[in-house]
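Only one structure is covered here, and it is reproduced in the block below.
Within every chain, numbering begins at 1; the chains are lettered A, B, ... in the order of the sequence lines, protein sequences first and strands thereafter. No hydrogens, no waters, no symmetry mates; every other heavy atom, side chains included, goes into these values.
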Amino acid sequence: MTETSTAVVHGPKREGVPALEARRLTKHFPLTSLGERGRVVHAVEDVSLALPEKTVTAVVGESGSGKSTLARLLTGLIKPTSGELLLDGSPVGTSARERRAYTSDVHLVLQDPFSSLNAAHSVKYHIERPLKLHTKLRGAELEAKTVELLERVSLHPGTDFAAKFPHELSGGQRQRVAIARGLAVGPRVLLADEPVSMLDVSIRLGVLNLFDELRENENLAILYVTHDIASARYLADTIVVMYAGEVVESGPATQITDSPQHPYTQLLLSAAPDPSRGQAPVLRGKGSPPSLVTPPTGCRFHPRCPFAMPVCEERTPPPLPAGADQVAACWLLAPPTAEAASAG
Amino acid sequence: MTSLDPALAAAAADPAPQLEPAAPRHSRTRRHRPPAKVLVGGAITLFFVLMALFGPLLAPHSASWVANTTNGTPQAPTGSLWLGTDNMQHDLFSLLLIGSRSTLLIAFLAGAIATVLSVAVGVTAGYVGGVADEILSALSNIFLALPGLLILMVIISPLPVPDKGNSFVIGLVVAITSWAYGARALRAQTLALRGQDYVVSARVIGERRIRIILFEIVPNLLPIVAASFIFTVIYGLGVYVALCYLGVVSPSSGSWGTMLQGAQSNSAIGNGWWWWYLPPALAVALVGLGLALLNFGIDEIINPRIRSARTGRGGVKFQLGLTPVVRAAAREGDAR
Amino acid sequence: MSLLIRRIGFYVLAAYAAITLNFFIPRLLPGNALDAVLTTMRGEITPQELAGMAAQYGIDSKQSLLAQYFTYIGHTLSGNFGFSTSKQVPVSTVLGGELPWTVGLIGTATVLAFLLGTLIGVIAGWKRGGLIDAVVPVSAFFQAVPYFILGLLLLIIFGADLHWFPIGGGYDATSRTVTYVQGWNWPYMSSVLQHAVLPAATVVLASIAGWIVGMRNMMITTMDEDYVLVACAKGLPRWRAMAIAARNAILPTISNFTLSISLVVTGAILVEVVFNYPGVGLEMFNAVQSTDYPLIQGILLVVTLAVLIANLLADFAYIVLDPRSRREA
Amino acid sequence: MSARVTDTDAAPRSPAEAVLDVRGLCVDYGVGRDAVRAVTDVSFTLRRGEVLGLAGESGSGKSTLAYAITRLLRAPGVITGGEVFFHQRSAPGGPVRKVDLLEADARELAGIRWVDLSMVFQSAMHALNPVARIESQLTDVLKRHRPDMAAADRRARAVELLGMVGITADRLRAYPHELSGGMRQRVMIAMALALEPSLVLMDEPTTALDVVTQREILDELMQLRERLGFAVIFITHDLSLLLELADTIAIMYAGRLVELAAATDLAAAPRHPYSLGLLSSFPALHGERVKMTGIPGAPPSLRTMPDGCKFHPRCPHAFERCSAEEPSLLALPGSRTRRTVSCWLHVGDRVPPEALGRPDPGTDAGAGHTQDVAIGGHS
């Protein structure tokens, strides 16, 4: 942690200033129950991430890897313990006004389509609220914009859908409404936390393809948080793999899945269902993720790692180059000199 | 007196997300018609509300009217005096009509004030959380543990007479001892709603906290607010009638409780003057019943699972772990 | 165990709040109401007692409020609740005489109602749509009617009309045929029991409906849980599946018990007034009538503490029954 | 709707003996006018030791089917037709008794349940009694079904069972909430195997788990199956998982079986457009990234079923007949292995689209066409 000298910024490499950049975000949740005061959950540890426009960055990890916390940190819903956010290169302020301005640039689409819309309100209400908050549109213009947004997420005809209530919609339609609400603020950045994991298999691709279109047509920077590495590969430009609150590997999507360098990424890939795999998969590693209250020393993956070395237990590996635009935080990738130095 | 249903609290605490919502355990379409309980309960309640509104106007006699007799014993009901008279020869039917107003007014007033209090406390505690929650929760728990009625007796009895007759003061005092039940249920439900994705989404689009509470959370609390309102009205009714019955409060306009107090202090039961105490007692019981039926209905709307299943629906007996088999032939036989 | 410690802490706090409230109640009286009260007592009690009371309530007192407060707390903790002005005996003596009646009647009836109601609720929920379940809506009547109204109705029907039971009191003091001697003898005990039937029935009927409905609804909710279905899938006997459901369903019911206990107790205390039953409730009524503040305070305190202790017991039962609440941090 | 299948075995190709025969099973939710049909006319045969994957989306009726087979479906579920024959074998190699589970009474069912037919539920979190220790939940079945067993033996067996799924004996005294999600599901599996049943139904047993844990548990499960030889009905929405796991796969849509085939055949050469659509809904982990579309539209609700083939509104190959008549599950006689499909594209002289007419793996011939040879009394 402390040894990470230079923060490597993960995310798609593009020219210019990224739409949203996170610098060394750390989040420790304090424990509140009796007898645990003073201890913290190390949910996100020193993550730097750049989200350039017109790109999709996938954050992949198991539950408890800190990927959802990272997405919420990026919305500003929760305050980081340390680190900062930069929107178009300038730091994001904390005043109520700046906070509100930020909400018009960054939106979050959540996992559960059955709870992301308020059953008490119509679809129209859901789309109009952000428009009223962040634009000057009123009256007929407001209605026209609402319909347009619904149709932009393929809910045709928009006027019909506007009048419906959430319980009249299918899961996929609800998720599209949630995305349309996100678009209504006119965001630069769309964060999606497991947006398809609760949808039927046959309609997941439709929603993923919608994200792909929005990246192109709306110049959006999209963060796609998922546990499904295959869908990350399908949609994203860059995959960032998180484990126990830390980024363990990042790089171009196909590169990560075709030649994973970090043992954890290899484990994830070996566990993922893959019908094209000829023989039964050999699981690379065992055990389950560690407690984030008392994370393992050194590399947090070392207790499960089939290649663990003494150094892994002692020191946190820095992100090391593992290919073109690919980095992995693993001592296996350390040049021999460094390893020798650490051994000596 | 009724108590807030634990199943309701459980439903509030566990809005179990159904991964496979397909199996229609309870279809929405059947919800359109309100349960019979709501209809009956609503009708009873409406009847008494109308009585409270218009009864005093329709009463054949005023509260101070006395039957033209020098008799010192109560008269049994007759064709002209439907419910007979008390020992002072007041017309009990008129007293019943007139007394309905103050009785229901205070019950509903207490319910309304207590509901406002419980929404304010419960939703604040649930949504804001942290220290505010700790303090407000401890406060409501203490109020739950205190014997409200006894404290009311002590607080109200030494009040100056004008205050004792003031509906608002009485309603307020009753409300102060009864808001905690609703607050607890509302806090639990708010806590459950606070983490819902639509609340998070509202924060993400930049809604202000007060708007989130009022427009995102409160609409979804309405069934529980309604349930806790009815609960406190029942409670207020009981407490107010009790206070009148004990003679702690004696409203000048009279109430059902005052009638019972008169009957009690004149040993009406021992003397067999049933027409004196039976009508007000039944009236209180009926209002309570009507409200309780309404609350039953609301509970079933909040948690459709608890709906009372009709026995042998379609001749099929459902039993956990033994799915019934009804062959098509048998069903056709039914159709014929 | 941290949960239990927290709960005990809360009850200590609540008890302290109740004691403090008790201290302030006479001092909160509007105007010089207390003064007036004390004035009316002149002649009924000795001047020394009057002076003592005046000191106790801070009238003409040289003691500061804070000092009075600590004196009061000290007295309360040592069981000294003061001196009843209407009965001319220490409050603790009065309470000692009344409490057995109340505990015997209301305690028994409340516990009985809880056990019986829970049992009926379990069966009604398990055999949903069955005969017992069909009776549940009827219980709405008893659930909604204030205790004392129900008491009145029972009194009218079974006491005044049918003459099955006496219409008041805790026992017959005299009778044409029998001379009663208080104590463990049959004539006296049977009289006590006979007098207890209607008030006890009132408390049971009025409170049982709540337990039935609550338990039934919790049962139905719990039966939707997979682990109950698993019990069936395992081929366990049906009563085992029902026991598993009931075992889990009773947990929220116990929490609910803590919510309702003060309602039940206050409601039941009113029943004593209706039946002229010689317990704490009737005493409270009389004390209010005769503005006997020391007695009022004593009763309030005892009832509050009883409710808190019942709550603590319920919490304790909950912690024993639910391993999840025992989770070490 | 096709007529109910009555003959005993339509495809007696496999020498292995059947453990479960489901014939024309129909399930409704509700009774009378409120009733909706959730499962329609499902027939299949499961052989000893076979892993049958039951795949479908939410609302396809896959879980309903499983619960109906075991008679564990909750109210207002009602079985409205069909037979479920369970072939009960009292001892290894012993005589087989054929029991119709739908005719069985509570007593008979209680004797079969868990002894021969156990079940793993979707969420172990909810399937384990939160207030009972793991030990008592493992031993209560032994107590019930092996009344002669001594307490010490029951305990030893519980330790053995936990060991089988890689849990140490010290966890016996634990409560479910003290275990991780993966451990709870392992306990559930150990419990299901306590009496060495011949059939285990698994309803999305790993859906709630992380991918690594899921893989570990499935690996263990498959090893146990090798050793103990029980048959499995594995229900999931994750077809890609089933392809690795199952011998045979049954695809369900809108309460009907639309295709039943060997896993390898289905993967390489799906015959039903819905199977094809599902297969192409899972992005690949390797190879070129190509744009995929999934299946347009959404599954129908039980209350508003389209006429004809239930899939036709979403089917890219639908033609007139599809919206008018409902196809029934027909055997494809050209197939090497038993496979059945309910689709008009494969009936008569029509040449199915290329994607639906690929040859079965290991054969040169294209998909055979049915000559209206129904499994049941369709013709």
Side-chain angles (χ1 to χ4, degrees), chain B residues 6-7 9-36 188 192 195 197 300-301 303-336, chain D residues 1 4 24-36 38-39 56-64 67-84 100-107 109-110 113 122-123 126 203-204 207-208 235 237 254-255 299 301-303:
Chain B
D14 173 37
Q18 209 72 36
L19 270 177
E20 186 156 4
R25 280 184 183 172
H26 294 274
S27 59
R28 278 175 189 285
T29 49
R30 256 184 279 150
R31 281 194 208 169
H32 286 319
R33 205 162 39 88
D197 282 358
E300 287 180 4
I301 290 167
N303 184 2
R305 289 184 290 188
I306 64 173
R307 182 164 305 192
S308 54
R310 256 152 283 149
T311 332
R313 194 168 37 154
V316 178
K317 191 181 168 204
F318 290 103
Q319 196 179 15
L320 189 71
L322 193 65
T323 311
V325 180
V326 182
R327 305 261 174 210
R331 296 207 306 157
E332 278 158 25
D334 283 352
R336 265 187 255 119
Chain D
M1 202 170 297
R4 229 173 72 206
L25 187 63
C26 294
V27 183
D28 282 9
Y29 281 112
V31 183
R33 277 186 306 153
D34 288 336
V36 290
V39 170
E57 299 178 80
S58 55
S60 63
K62 56 189 192 302
S63 292
T64 306
Y67 285 92
I69 287 172
T70 51
R71 299 277 301 279
L72 287 172
L73 189 65
R74 292 177 186 278
V78 180
I79 298 166
T80 49
E83 282 115 32
V84 176
D100 187 347
L101 296 181
L102 302 192
E103 299 293 334
D105 56 11
R107 190 189 188 81
L109 278 176
R113 282 181 179 163
Q122 170 166 2
S123 164
H126 298 117
D203 181 18
E204 309 239 11
T207 304
I235 301 161
H237 63 271
S301 87
L302 294 181
R303 290 194 176 273

Do you know which of D:L73, D:L109, D:D105 has the most heavy-atom pairs under 4.5 Å to chain B?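 Result: the option with the highest number of such pairs is D:L73.
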
Kindly give the heavy-atom pair with the smallest separation between B:F318 and D:G77, and that separation in Å.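 Reported closest heavy-atom pair: CE2-O, 3.5 Å.
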
In a check of side chain to side chain contact (heavy atoms under 4.5 Å, CB included) between D:V78 and each of B:T323, B:V325, B:V326, which one passes?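 With D:V78 as partner, side chain to side chain contact (heavy atoms under 4.5 Å, CB included) holds for just one option, B:V326.
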
Checking B:L322 against chain D: side chain, backbone, both or neither under 4.5 Å from a heavy atom?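 Both parts, backbone and side chain.
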
Side chain to side chain donor-acceptor pair (under 3.5 Å) partners of D:E103, counting only residues at least two apart: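 Per chain and number, D:E103 pairs via side chain to side chain donor-acceptor pair (under 3.5 Å) with B:R327.
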
Given a strict heavy-atom distance threshold of 4.5 Å, which part of D:L102 is in contact with chain B: side chain, backbone, both, or neither?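 Contact with chain B: backbone and side chain both.
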
